[in-house]
Amino acid sequence: MDIISSYGLILIVMAGVFGFFMAWGVGANDVANAMGTSVGSKALTIKQAILIAMIFEFAGAYLAGGEVTSTIRKGIIDSAYFVDQPELLVFGMISALLAAGVWLLIASFLGWPVSTTHSIVGAIVGFAAVGVSVDAVSWGKVGGIVGSWVITPAISGFIAYLIFMSAQKLIFDQEDPLKRAKRYVPFYMALAGFVLSLVTIKKGLKHVGLGMGTAEGFAWAIGIAIVVFFIGKVAIGRLKFKESADKDMHYTNVEKVFAVLMVVTACAMAFAHGSNDVANAIGPLAAVVSVVSSGGEIASKAQLAWWILPLGAFGIVAGLAMLGKRVIATIGKGITHLTPSRGFAAELAAASTVVLASGTGLPISTTQTLVGAVLGVGMARGIAALNLGVVRNIVVSWVVTLPAGAIMSIMFFYMLKGIFAA
């Protein structure tokens, strides 16, 4: 208690700085999940992708980011073990933020798309199990999160497979693919609009004091989807195509239509990612602020301080702008050769899965969700469409992430304990 009252402001400032650093790492590494497919399919340039991601990541983190925060903060470790020594929870969360931030900086610099969720969960489990007690970790909850890392790529892969196969059947396998694309692509756009608007209404607006009932929320989402449908129809109608009887040229023109769609799904994915993954940075920060503000009391429910969400949102945008290019290149060009239609199927599937997870408060890995979706598209085209060497390297980097976060977190935890508790 004395440590918290004596050093409270210093601890909050440290947590804020490291929370921003962790959010910076999320932006530098994980935003490639939203933008990599768009850049890889040449639907967007790298500059356009970063600009779009900045807007929608910020909006997702700021408007819809509160839902998952409590799961990261309260679900992984048992607060009962910290009641007599709340400073250990504060030291641990600060250590976890720094450890995860350092690992994400290293991975982003090397161009490895790792999981920010893995990073922070590994760091929290590390300091709690070694620094406090093995029993302080809610291993059942951790098991549930680990289970979601298997389930969510499977779900997103299945959705991506269905979306891509539907596009093949309805458009590409037909005699007049261009005509079919003009007819069916607006429906895909409407679906993307529906997914994006539903999470905004249901999860985002309540954080700015505009809560809605379920029926009203669905009505608005359907309305927005209809508007997107007509905007899509007009946009596709205005595209200029080279008139040619050659079927290959028709396919090229269809991909041009899907390029329009990729912009919509890139926005949806960036928003969904911001809403889900900002919790990895602001969850531990919120825990520190809560404990210090209450003089050492570990509350079961804590109000999120007004400045925490914007700090996380700005951190994500800064990381993306400064170092986001490297991992975007890996995701966009490394895993598979992407066309707009393939990239669209993967991205919309991943966005839908992340939105579902964000709505249920489950902290999933967007990295694994997207790779699952890309694999689903690859399976639809045959295994040769995938660069299995790159996929294997990505999986290896995921495996390393958990222990890397844990080891650094334990080191930083004992260093903080030595500095403040000495």
Side-chain angles (χ1 to χ4, degrees), residues 23-24 26-65 108 113 116 185 188-200 204 224-225 227-228 231-232 235-236 239 255-278 310 312-333 338-352 354-355 358 366-367 369-370 373-374:
W24 186 95
V26 172
N29 196 286
D30 242 17
V31 177
N33 301 329
M35 291 294 141
T37 48
S38 305
V39 174
S41 66
K42 297 188 172 61
L44 292 171
T45 65
I46 192 91
K47 282 184 181 172
Q48 289 169 335
I50 286 174
L51 187 65
I52 288 172
M54 281 178 168
I55 295 163
F56 282 90
E57 287 279 341
F58 185 89
Y62 187 66
L63 292 175
S108 302
T116 54
V185 166
Y188 291 118
M189 292 186 87
L191 178 62
F194 177 77
V195 167
L196 177 59
S197 55
L198 191 61
V199 77
T200 313
I224 290 164
V227 170
V228 170
I231 290 171
I236 290 162
L239 284 178
E255 291 294 355
K256 216 168 165 185
V257 173
F258 271 101
V260 176
L261 195 49
M262 282 292 286
V263 178
V264 179
T265 50
C267 298
M269 189 60 191
F271 186 94
H273 175 263
S275 71
N276 192 73
D277 276 31
V278 72
F314 278 116
I316 287 176
V317 166
L320 167 68
M322 291 165 73
L323 202 62
K325 268 198 264 194
R326 291 178 184 240
V327 184
I328 285 176
T330 303
I331 291 257
K333 296 169 188 163
L338 288 171
T339 60
S341 58
R342 291 180 218 168
F344 150 72
E347 214 166 74
L348 182 57
S352 304
V354 171
V355 164
S358 184
T366 43
T367 308
T369 305
L370 185 80
V374 172

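- Residues forming a side chain to side chain contact (heavy atoms under 4.5 Å, CB included) with Val317 (at least two apart in sequence, or on another chain): Met54, Phe58.
- Taking all atoms of both residues into account, the shortest heavy-atom contact from Ala349 to Ala373 is CB-CB, 4.3 Å.
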Show me the donor-acceptor pairs within less than 3.5 Å that the side chains of residues 321-329 make with the rest of the protein, sequence neighbours left out.
residue	atom	partner	partner atom	Å
Arg326	NH1	Phe109	O	2.9

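- For Ala270, the side chain to side chain contact (heavy atoms under 4.5 Å, CB included) criterion is met by Ala34, Met35, Phe56, Glu57, not counting sequence neighbours.
- Nearest approach of Met189 to Val228, heavy atoms of both residues: O-CG1, 3.3 Å.
- Inter-residue side-chain proximity for Arg342 and Ser41 is flagged as unmet; no heavy-atom pair is nearer than 4.5 Å.
- Shown here are the side chain to side chain contact (heavy atoms under 4.5 Å, CB included) partners of Ser352, two or more places apart in sequence or in another chain: Val195, Leu348.
- Looking at every heavy atom in both residues, Val39 comes nearest to Ala49 through CG2-CB, 3.5 Å.
- Put simply, the side chain of Ile50 reaches to within 4.5 Å of the side chain of Leu320, judged on heavy atoms.
- Of all non-hydrogen atoms in Ala266 and Glu347, the two that sit nearest each other are N-OE1, 2.8 Å.
- Residues Gly193 and Ile224 share a closest heavy-atom pair of O-CG2, 4.4 Å.
- Closest non-hydrogen pair, Leu370 versus Ala350, comes out as CD1-CB, 3.8 Å.
- Shown here are the side chain to side chain contact (heavy atoms under 4.5 Å, CB included) partners of Ala23, two or more places apart in sequence or in another chain: Ala281, Ile316.
- Partners of Tyr188 according to the ring-ring contact (aromatic ring centres under 6.0 Å, His included) rule, which considers only residues two or more places apart in sequence or in another chain, are Phe344.
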